[in-house]
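First the structure, in the form of structure tokens, and then the observations on it.
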Amino acid sequence: MRQRALPVDGVALICALGACARLGDTNLVPQMHVGVVKLGFSGHTKVCNAVMDGYVKCGLVGEARRVFEEIEEPSVVSWTVVLEGVVKWEGNQKEKDTVFDCGFGFGLNNVTLCSVLSACSQSGDLSVGRWVHCYAVKAVGWDLGVMVGTSLVDMYAKCGRIMTALMVFRHMPRRNVVAWNAMLSGLAMHGMGKLVVDMFGCMVEEVKPDAVTFMALLSACSHSGLVEQGWQYFHDLQSVYGVRPEIEHYACTVDLLGRAGRLEEAEVLVRKMPIPPNEVVLGSLLGASYAHGKLRLGEKIMRELIQMDPLNTEYHILLSNMYALCGKVDQANSLRKVLKNRGIRKVPGMSSIYVDGQLHKFIAGDKSHPRTADIYMKLDDIICKLRLAGYVPNTNCQVLFGCSNGDDCMEALEEAEQVLFTHSEKLALCFGLMSTTPGSSLCIFKNLRICQDCHSAIKIASGIYKREIVVRDRYRFHSFKHGSCSCSDYW
DNA sequence: GTAGGGTTAG
């Protein structure tokens, strides 16, 4: 059947849908879908593809699949969008298999491969990523081209397989600046700063570094404590490499100095910036003040941050924790009350783990998993073993909230410990340990930054259970092995 | 203005 010719309004509609998709707005996209139906475009390939893309971008993969079902003649683009959505958002292995069997039978091109691999990177789906890699090699041969090669490097790095990423990169016959950037960023995320610095030396022989390269370099130095090296790169950015420093480079450098405890220099840099500092730059400085217990500086930065972003929860919680650590319980409590009164809620922490291709998600205190009883039994056992090996729950931040006497405090302490033990990372770890073969490695994903207590608990667990445990948090990777972490506790 | 694609801090 021939597709009906697209009137001018149809073109406008596709443009508008594209804009909505880029916004990823969960209200706007369904509204636009209603409009599409009213205008009589149901089942039209290009319009539906644009609608599906919108749904995928805002996480509504079920809706996207329903739209897909109505397309009269799905094209390779339709399949690409639906595959991307399923890989990015569908946790159920059987559902994924069904779509894959049909989709990859349809034929694919480099765009499909890149798109699906990028979805794997985001959801951390190594098994689909590997499958796509094999498929591509069978279909195209060993030289997959620079774009697919780069997608593979990024996928392996973000799925926790940094050595595989390196291997793929080293076998690429052609590499441009984007490929190099993907490799260096991956290494930076894994805390392999020394290697990033060494490889940068090779990179400049091959291609000209750009603004993204320096983001990777600065963050690598920051995460590995290579302060002098990073500071040098920041200075050479413009003068040696002709790259104009952007606000992100400043944010990274502030982080580099701040993490290392050089807060005065970090603040001088912020005040002397040619561009007004944004909340990212100030947020870095606040984080560093917290890490190094500089309460006065923290308060000052907080005042500026509240002006810029009054609804942000992370900053409030950071400062509140800082008060608690300094023993200023009243101030800590009143700051928490501000959040509560304004109805501002913290983004809930969530951890997930793939077991046999199936995604299992946990939130703190979760009891919704079908194997909850087993999980909590195993959790008690793990905590016991951890304690014997020297684990001390780190209740610094919560303990003192709202208690007025010694008894209250003891009770609060026990409660605080219980809250810590059921953090989402620990539940995911526990489920991973009980449902995989002894000795195999585990990869856990967390939507926020890993907490201090879970970091020390997982370090000890990696030793006791003789497992490599990789945790990808919001910012970077932690690879726990033999009782220590690849970040050397510098994060 | 015409559907899908690789690298970017905290």
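The chains referred to below are lettered A, B, ... by the order of the sequence lines, with proteins before strands, and numbering in each begins at 1. No experiment lies behind these values; they were computed from the predicted model shown. Computation of the quantities below employed the complete heavy-atom set of this structure, encompassing side-chain atoms and omitting hydrogens, waters and symmetry-equivalent molecules.
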Could you tell me whether A:V146 contacts a base, only the sugar-phosphate backbone, or nothing, with contacts defined as non-hydrogen atoms closer than 4.0 Å?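 The answer is base, as A:V146 lies within the cut-off (heavy atoms under 4.0 Å) of a base atom.
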NA contact type, A:S78, heavy-atom cut-off 4.0 Å: base, sugar-phosphate, or nothing? nothing
If you round to the nearest 0.5 Å, how far is [atom2] of [Y] from [atom1] of [X]?
| X | Y | atom1 | atom2 | value |
| --- | --- | --- | --- | --- |
| A:M155 | A:L117 | CE | CG | 5.5 Å |
| A:S479 | A:R472 | OG | CZ | 14.5 Å |
| A:L113 | A:S118 | CG | OG | 12.0 Å |
| A:I363 | A:S352 | CD1 | OG | 12.5 Å |
| A:C487 | A:I450 | SG | CD1 | 8.5 Å |

Would you give me the side-chain donor-acceptor pairs under 3.5 Å for residues 211-222 of chain A, sequence neighbours excluded?
residue	atom	partner	partner atom	Å
A:T213	OG1	A:N181	OD1	2.6
A:T213	OG1	A:D210	N	3.0
A:T213	OG1	A:D210	O	3.4
A:T213	OG1	A:D210	OD1	3.0
A:S219	OG	A:A216	O	3.4
A:S222	OG	A:D255	OD2	2.7
A:S222	OG	A:R259	NE	3.1

Taking 4.0 Å as the cut-off, does a side-chain nitrogen or oxygen of A:K57 come that near to OP1 or OP2 on B:dG5? yes
Indicate whether OP1 or OP2 belonging to B:dG6 is found under 4.0 Å from a side-chain N or O atom of A:K158.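 False: A:K158 side-chain N/O out of range (4.0 Å or more) of B:dG6 OP1/OP2.
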Rounded to the nearest Å, what distance is computed from the [atom1] atom of residue [X] to the [atom2] atom of nucleotide [N]?
| X | N | atom1 | atom2 | value |
| --- | --- | --- | --- | --- |
| A:Y475 | B:dG10 | OH | P | 8 Å |
| A:L237 | B:dT8 | CG | P | 17 Å |
| A:H44 | B:dT2 | NE2 | C1' | 11 Å |
| A:R244 | B:dT8 | CZ | P | 21 Å |
| A:E248 | B:dT8 | CD | P | 13 Å |
| A:R474 | B:dG10 | CZ | P | 11 Å |
| A:I14 | B:dT2 | CD1 | C1' | 6 Å |
| A:F234 | B:dA9 | CZ | C1' | 13 Å |

For the residue pair A:F480 and A:H478, categorise the inter-ring angle as parallel (less than 30°), tilted (30 to 60°) or perpendicular (more than 60°). parallel
Proximal nucleotide (of B:dG5, B:dG1, B:dT7) relative to the A:A12 side chain: B:dG1
Without hydrogens or angle criteria, can the side chains of A:S75 and A:S78 be said to hold a donor-acceptor pair below 3.5 Å?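 Indeed, the side chains of A:S75 and A:S78 share at least one donor-acceptor pair under 3.5 Å.
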Within [range], which residues have any heavy atom lying less than 4.0 Å from an atom of DNA chain B?
| range | result |
| --- | --- |
| residues 112-135 of chain A | A:T112, A:S115, A:S118 |
| residues 249-271 of chain A | A:C252, A:D255, A:R259 |
| residues 79-93 of chain A | A:T80, A:V81 |
| residues 162-196 of chain A | A:N176, A:V178, A:N181, A:A182, A:S185, A:M189 |
| residues 200-231 of chain A | A:V212, A:M215, A:S219, A:H223 |

Test: side-chain hydrogen bond (donor to acceptor under 3.5 Å, both in side chains). Region: residues 233-253 of chain A. Which pairs qualify, not counting sequence neighbours?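 Passing the test, one end in residues 233-253 of chain A: A:Q232-A:D236.
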With sequence neighbours left out, which residue pairs that include part of residues 99-110 of chain A fulfil the side-chain hydrogen bond (donor to acceptor under 3.5 Å, both in side chains) condition?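 Matches after skipping sequence neighbours: A:N109-A:T112.
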Quick test of your reading: applying salt bridge (Lys or Arg N to Asp or Glu O under 4.0 Å), list the pairs with at least one residue in residues 13-25 of chain A, sequence neighbours left out, ordered by first then second residue. none
When you check the gap from the basic side-chain N to the acidic O, do A:E69 and A:R66 get nearer than 4.0 Å?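 Answer for the salt bridge query: no.
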Check: A:F68 ring centre within less than 6.0 Å of A:W79 ring centre: yes
Identify all side-chain donor-acceptor contacts of residues 266-275 of chain A below 3.5 Å with residues at least two apart in sequence or on another chain.
residue	atom	partner	partner atom	Å
A:E267	OE2	A:K300	NZ	2.8
A:R271	NH1	A:E304	OE1	3.3
A:R271	NH2	A:E304	OE2	3.0

Looking at residues at least two apart in the chain, or sitting in another chain, which of them share a salt bridge (Lys or Arg N to Asp or Glu O under 4.0 Å) with A:E205?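 A:E205 satisfies salt bridge (Lys or Arg N to Asp or Glu O under 4.0 Å) with no residue once adjacent residues are dropped.
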Please determine whether salt bridge (charged side-chain N to carboxylate O under 4.0 Å, His left out) holds for the pair A:K96 and A:E90, giving the CA-CA distance in whole Å, both sets of side-chain angles, and the decisive distance to 0.1 Å. CA-CA 7 Å; A:K96 267 191 285 199; A:E90 181 63 76; over 6 Å; no
Ignoring hydrogens and angles, write down the donor-acceptor pairs under 3.5 Å from the side chains of residues 166-177 of chain A, residues two or more places apart or on other chains.
residue	atom	partner	partner atom	Å
A:H171	ND1	A:M167	O	2.9
A:R174	NH2	A:D143	OD1	3.4
A:R174	NH2	A:D143	OD2	2.8
A:R175	NE	A:E206	OE2	3.2
A:R175	NH1	A:F169	O	3.1
A:R175	NH2	A:E206	OE1	3.1
A:N176	OD1	A:V178	N	3.2
A:N176	OD1	A:A179	N	3.0

With a 3.5 Å cut-off and just heavy-atom distances, do the side chain of A:N109 and the base of B:dG4 make a donor-acceptor pair? yes
